[in-house]
Amino acid sequence: MNTSKTVLITGTSSGIGLAASVGAAKAGWQVIATMRDTAKAANLTRAAAEAGVAGLVQVKRLDVVDPESIQTCLREVLAEHGRLDAVVNNAGAGHVGTIELSSMNDVRATMEVNFFGVVAVTKAAMPYLRAGRGRVITVTSIGGVVGQPFNEAYCAAKFAVEGFMESLAPVAATAGVGVTVVEPGPVATEFVANLGVSVTEAIAAAGPYGEAMKAYIDRTLTSFEEAQTPDEAAAPIIEALTGAAPAFRVQTSPAVREFAAAKLTDLDGSGVQALTRAWLG
């Protein structure tokens with residue numbers, strides 16, 4: 001049985017989850033790197049091998065919208081390692097579109113993965129984390145602080161996660177469990193992948209909002225040219241995992257801190273509305 005501290009990370013096949021898995025292993029943690037489809041583990045296993053930590057990264061299947069999958073994974077972790085010291089809720093899915101043209105199924109699916117999946121994994125893990133006075137670290141988004149055009153469903157889910165974790169944190173602390181939310185901004189390669197279609201198709205599908213969609217995409221693609229790498233965005237996760245007393249809320253870059261501050265000092269909402277409206281031409 002492994003005596004290293006054990007962390008379970010969701011959504012590790014790419015991006016921030018992959019980088020966090022390798023980073024946690026390099027920090028000496030036994031990493032349970034989970035993903036919905038373990039056939040997509042090649043990039044992670046290669047990165048772990050290149051970093052010299054392959055022995056500390058174990059891939060397991062976990063689908064955050066499947067309760068039995070969550071329970072099965074946790075039972076295996078406890079049977080094999082005897083402990084669970086931290087969970088990093090990272091799995092998520094983007095959705096770009098406005099509500100008039102989005103199906104309710106799309107909205108519900110976005111909420112299911114980004115919000116209810118976080119709730120389900122956290123709920124299932126809490127008894128084990130409480131036993132070991134562990135930590136819950138959740139990757140939200142600057143979109144969980146500032147509502148953004150054509151991201152209504154996604155931002156709603158991330159706002160919900162922020163409220164859930166902010167409410168849970170003081171209660172969990174009474175049982176010795178720390179709670180942290182990590183708020184990334186743009187991360188290289190993610191925006192176009194999250195569109196799910198080509199830019200041309202996204203603009204055509206926007207119908208009466210086509211011009212606004214084009215302006216939004218043009219502006220967003222420009223901002224992604226200066227996006228953080230997954231490693232940069234994952235670094236605060238490792239700090240929250242290993243630090244003595246991590247803060248509840250952590251932004252991943254100075255630009256994200258500045259953006260969040262604009263919202264938190266904008267009591268009537270006019271400043272944020274002027275800012276985001278300008279993104280649409």
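These numbers were taken from a predicted model, which means no experiment stands behind them. Reckoned from all heavy atoms, side chains included, excluding hydrogens, waters and symmetry mates.
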Counting C-beta onward and ignoring hydrogens, is there a side-chain heavy-atom pair between Trp29 and Thr242 closer than 4.5 Å? yes
Between Ser13 and Ala41, is there a donor-acceptor pair closer than 3.5 Å when you use the side chain of the first and the backbone of the second? no
Under 3.5 Å donor-acceptor, Glu183 side chain and Val250 backbone: no
What is the distance from atom OG1 of Thr138 to atom CZ of Arg249, rounded to the nearest 0.5 Å? 12.0 Å
According to the side-chain hydrogen bond (donor to acceptor under 3.5 Å, both in side chains) rule, which pairs have a member within residues 260-270, sequence neighbours left out? Asp268-Ser270
Considering only heavy atoms from C-beta outward, does the side chain of Ser21 approach that of Leu44 to under 4.5 Å? yes
For the residue pair Tyr209 and Phe150, categorise the inter-ring angle as parallel (less than 30°), tilted (30 to 60°) or perpendicular (more than 60°). perpendicular
Pairing of Arg83 and Asp85 as salt bridge, 4.0 angstrom limit: yes
Answer yes or no: is there a side-chain heavy-atom contact under 4.5 Å between Asp106 and His95? yes
Is there a donor-acceptor pair closer than 3.5 Å between any side-chain N or O of Ser69 and the backbone N or O of Val65? no
Any side-chain hydrogen bond (donor to acceptor under 3.5 Å, both in side chains) involving residues 110-136? Give me the pairs, sequence neighbours left out, ordered by first then second residue. Asn89-Thr122
Find the distance between CD1 (Ile32) and CD (Gln58) and round it off to the nearest 0.5 Å. 4.0 Å
Between CD of Glu232 and OG of Ser253, what distance do you get to the nearest 0.5 Å? 9.0 Å
Spatial distance of atom CE (Met35) from atom CG (Asn90) [nearest 0.5 Å]: 11.0 Å
Mind listing the closest non-hydrogen atom pair of Ile142 and Phe259 along with its distance? CG1-CD2, 3.4 Å
I'd like to know whether Arg219 forms a side-chain hydrogen bond (donor to acceptor under 3.5 Å, both in side chains) with Thr222, so could you lay out the CA-CA distance, the side-chain angles of the two residues, the decisive distance to 0.1 Å, and finally the verdict. CA-CA 5 Å; Arg219 179 260 170 201; Thr222 299; over 6 Å; no
Does a side chain donor of either Thr140 or Glu162 reach within less than 3.5 Å of an acceptor in the other side chain? yes
Determine whether a donor-acceptor pair (N or O, by modelled atom type, separation under 3.5 Å) exists between the side chain of Thr38 and the backbone of Lys60. no
Look only at the side chain of Glu80 and the backbone of Val77, and say whether a donor-acceptor pair between them is shorter than 3.5 Å. no
Side chain of Thr45, backbone of Ala42: donor and acceptor closer than 3.5 Å? yes
Any chance you could lay out the side chain to side chain contact (heavy atoms under 4.5 Å, CB included) test for Val22 and Val57, step after step, and finish with the verdict? CA-CA 7 Å; Val22 175; Val57 177; 5.6 Å; no
Lys158 vs Phe115 side-chain heavy atoms within contact, under 4.5 Å: no
Taking the side chain as everything from C-beta on, heavy atoms only, tell me whether Gln228 gets closer than 4.5 Å to Pro186. no
Can you check whether Ile70 reaches Asp66 side chain to side chain, under 4.5 Å on heavy atoms? no
Heavy-atom donor-acceptor pair, Gln30 side chain to Lys5 backbone, under 3.5 Å: no
Contact between Leu62 and Leu8 at the side-chain level, heavy atoms closer than 4.5 Å - yes or no? yes
Would you say the side-chain atoms of Thr34 pair up with the backbone N or O of Ile9, donor to acceptor, closer than 3.5 Å? yes
Report the C-alpha separation of Glu76 and His81 in whole Å, then their side-chain angles, then the decisive distance to 0.1 Å, and conclude whether the side-chain hydrogen bond (donor to acceptor under 3.5 Å, both in side chains) test is met. CA-CA 8 Å; Glu76 290 176 358; His81 301 282; over 6 Å; no
Do Met126 and Val136 come within less than 4.5 Å of each other through their side chains, counting heavy atoms only? yes
List the residues meeting side-chain contact (heavy atoms from CB on, under 4.5 Å) with Arg36, not counting sequence neighbours, and say none if there are none. Asp63
